[in-house]
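First up is the structure itself, then whatever we jot down about it.
Lettering follows sequence order; numbering is per chain, from 1. Bear in mind that the values here come from a model prediction, so they are computed numbers and not experimental data.
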Number of protein chains: 2
Amino acid sequence: MTSTALITPADGLLRAGVHDELRRRFVTGKVMPGTLLSTRSLAQELGVSQMPVREAVSRLAAEGAVEIRSKRRIVVPAMTEGRFRDLLRCRELLEPEAAAAAVKHIDAARLKRLRVVDDALGVALKSGDVEAYMERNFEFHFLIYRAQPRPTMTQLIETLWLQFGPYMRVVYGRFGTSGLVDQHQLAIKAISDGSATRLKRAILADIRDGMGLIGKSGFAPGA
Amino acid sequence: MTSTALITPADGLLRAGVHDELRRRFVTGKVMPGTLLSTRSLAQELGVSQMPVREAVSRLAAEGAVEIRSKRRIVVPAMTEGRFRDLLRCRELLEPEAAAAAVKHIDAARLKRLRVVDDALGVALKSGDVEAYMERNFEFHFLIYRAQPRPTMTQLIETLWLQFGPYMRVVYGRFGTSGLVDQHQLAIKAISDGSATRLKRAILADIRDGMGLIGKSGFAPGA
DNA sequence: CTTGCTCATCTGAGATCGCAGATTCTTGAC
DNA sequence: GTCAAGAATCTGCGATCTCAGATGAGCAAG
């Protein structure tokens, strides 16, 4: 937001920090389909030069989060029904599996964090704070997925969320979050019981539930 | 190989051409784990400046195909047993599904191309030409996966092959291709019959078959 | 008022430059 | 002969510069 924002030079790689920041904006719905991005203004906004932004945006393009149309145009693509189904199918395949694989690696500390996040998520749901809801929801899911020691599947899933985020924001913005049900209680229960099978079911239900109201919202035709 | 090699400026994007070329080298086993890459020498070899190479390599790093260790070191990571299982599980999840979804979109022309590729693959198998085998195998699988109109799942799968390629080359180099069986006939049969179920089984069998001999080869411990 | 064309401007892509850090080779001491 | 310290070199990363091309505003013709 502020022009003097520091990009996290956490590991010394500026471009990684830029990509993290942009990814955060995408999965939490801070950008919406149709948004135009510019490396120059992004660079200025983040307080870095064009170069790290370029590499980060280039990676986002590779991940399908943005589209580079001709020259002069970096745009967050609109969701189509086909792409939506494609992404959804991938989520349904990967996320339950990742969650199941993670169960045995979730210790008490992480489980406690899950409860905390889920509480905050419930608050955001009631107050109708879309961005907070999306942020917590992301946090919740990836607290689970990232518990498994192998990062490959988690990275694939992140790619999917990166593409869903902007569209989800539109949907939530249109319908509000009041219609959403917090499906995470079942997941937490399954984790605390150590039941991979029930966690799979819970995650799958959560995905389908969150996606359920989307079908009716229609899809952006153009742009 | 030649110093005057032209990178395909197919769509005008140099970096895309570089990434395509590097990806080709990875999935066909032209690079092996432990290989050191250098943006400068790559740039010179491909006849472009460092810049497109940097972006392509950066993307490869994001895809897990290379690791950037500290500075001065871009290395093709060694395969570990954990990563292997992680990748394999992803392949088993995604590829049969992608193939099943592709069945109805494979027309006669593509089926014919599949047969041609499979013939060439058989020749490479008999002659023990590892690189040709890997090239044809890649071509065969992605002729199927790319037939489905939705590219997301295919892109995820490409990421996986990108990481497997270098290691597979080591394995084939150690064991030769003589132990391999051409499992693709079943797949072709299933496709020509329009049976998604049997194609799924065939692809899954193909994955597990190709991976079967790998467990015994052990994994590189270091670097 | 509408429509089509031209030009100024903005943007992304590639090339080049400079810096910091790591690797490696050399050299000198023991 | 061995080993370690230092210097030279190589490398990736970030900044800056330039160019081609696309966009959109402005203007003129109908």
Side-chain angles (χ1 to χ4, degrees), chain A residues 3-22 25-26 31 34-78 222-223, chain B residues 3-23 26 31 34-78 222-223:
Chain A
S3 58
T4 61
L6 296 184
I7 239 21
T8 102
D11 51 350
L13 272 334
L14 232 44
R15 62 180 182 204
V18 173
H19 185 269
D20 282 351
E21 168 63 18
L22 292 181
R25 295 187 185 185
F26 272 73
V31 294
T35 304
L36 289 178
L37 271 56
S38 145
T39 59
R40 275 179 173 81
S41 47
L42 238 38
Q44 189 177 3
E45 178 185 348
L46 299 176
V48 298
S49 107
Q50 284 185 258
M51 181 72 50
V53 176
R54 277 174 55 178
E55 299 205 42
V57 169
S58 165
R59 178 172 164 188
L60 286 178
E63 291 168 322
V66 302
E67 245 176 57
I68 301 181
R69 303 232 181 112
S70 65
K71 276 180 179 165
R72 189 79 186 281
R73 223 84 215 188
I74 300 177
V75 59
V76 181
Chain B
S3 58
T4 61
L6 297 184
I7 239 22
T8 103
D11 51 350
L13 272 334
L14 232 44
R15 62 179 183 205
V18 174
H19 185 268
D20 283 351
E21 168 63 19
L22 293 181
R23 183 180 55 185
F26 272 73
V31 293
T35 304
L36 289 178
L37 270 58
S38 145
T39 60
R40 276 178 172 82
S41 47
L42 237 39
Q44 189 177 3
E45 178 186 346
L46 299 176
V48 299
S49 103
Q50 285 183 256
M51 181 71 50
V53 176
R54 276 174 56 176
E55 299 205 40
V57 168
S58 164
R59 179 172 163 187
L60 287 178
E63 292 168 321
V66 301
E67 244 175 58
I68 301 181
R69 303 230 181 115
S70 65
K71 276 180 178 166
R72 188 79 187 283
R73 223 85 213 184
I74 300 177
V75 58
V76 181

Which nucleotide sits closest to the side chain of [X]: [options]?
X	options	answer
B:Met51	D:dG14, C:dA15, D:dT23	C:dA15
A:Arg73	C:dG21, C:dG12, D:dG24	D:dG24
A:Ser49	C:dT16, D:dG12, D:dT16	D:dT16
B:Arg72	C:dA15, D:dG12, C:dT23	C:dT23

- N/O (side chain, B:Thr39) to phosphate O (OP1/OP2, D:dG12) under 4.0 Å: yes
Without decimals, in angstroms, what is the distance between [X] [atom1] and [N] [atom2]?
X	N	atom1	atom2	result
A:Arg59	D:dC13	CZ	P	13 Å
B:Arg69	C:dG21	CZ	C1'	17 Å
A:Glu55	C:dG12	CD	P	15 Å
B:Leu42	D:dC10	CG	C1'	16 Å
B:Arg15	C:dA15	CZ	P	13 Å
B:Leu36	D:dG12	CG	C1'	13 Å
A:Leu14	C:dC19	CG	C1'	14 Å
B:Glu67	D:dG12	CD	P	15 Å

- Query: Is there a side-chain contact between B:Leu42 and B:Leu22, using heavy atoms and a 4.5 Å cut-off?
  - Reply: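 Side-chain contact under 4.5 Å: yes.
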- Side chain to side chain, B:Glu45 and B:Glu21, heavy atoms closer than 4.5 Å: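 Sidechains of B:Glu21 and B:Glu45: no contact.
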What is the distance from atom [atom1] of [X] to atom [atom2] of [Y], rounded to the nearest 0.5 Å?
X	Y	atom1	atom2	value
B:Met51	A:Arg54	CE	CZ	5.0 Å
A:Leu60	A:Leu37	CG	CG	8.0 Å
A:Gln50	A:Glu55	CD	CD	12.0 Å

- Note on the structure: Residues at least two apart in sequence or cross-chain that pass side-chain contact (heavy atoms from CB on, under 4.5 Å) with A:Ile68, listed by chain then number, are A:Ala61, A:Ile74, B:Arg15
- Message: List the residues meeting side-chain contact (heavy atoms from CB on, under 4.5 Å) with A:Arg72, not counting sequence neighbours, and say none if there are none.
- Response: none
Check nucleotides 17-20 of chain D against the protein and report each pair of N or O atoms closer than 3.5 Å, with its distance, or say if there are none.
none

- Message: Applying a 4.0 Å non-hydrogen cut-off, can you work out what A:Leu37 is touching in the nucleic acid: base, sugar-phosphate, or nothing?
- Response: sugar-phosphate
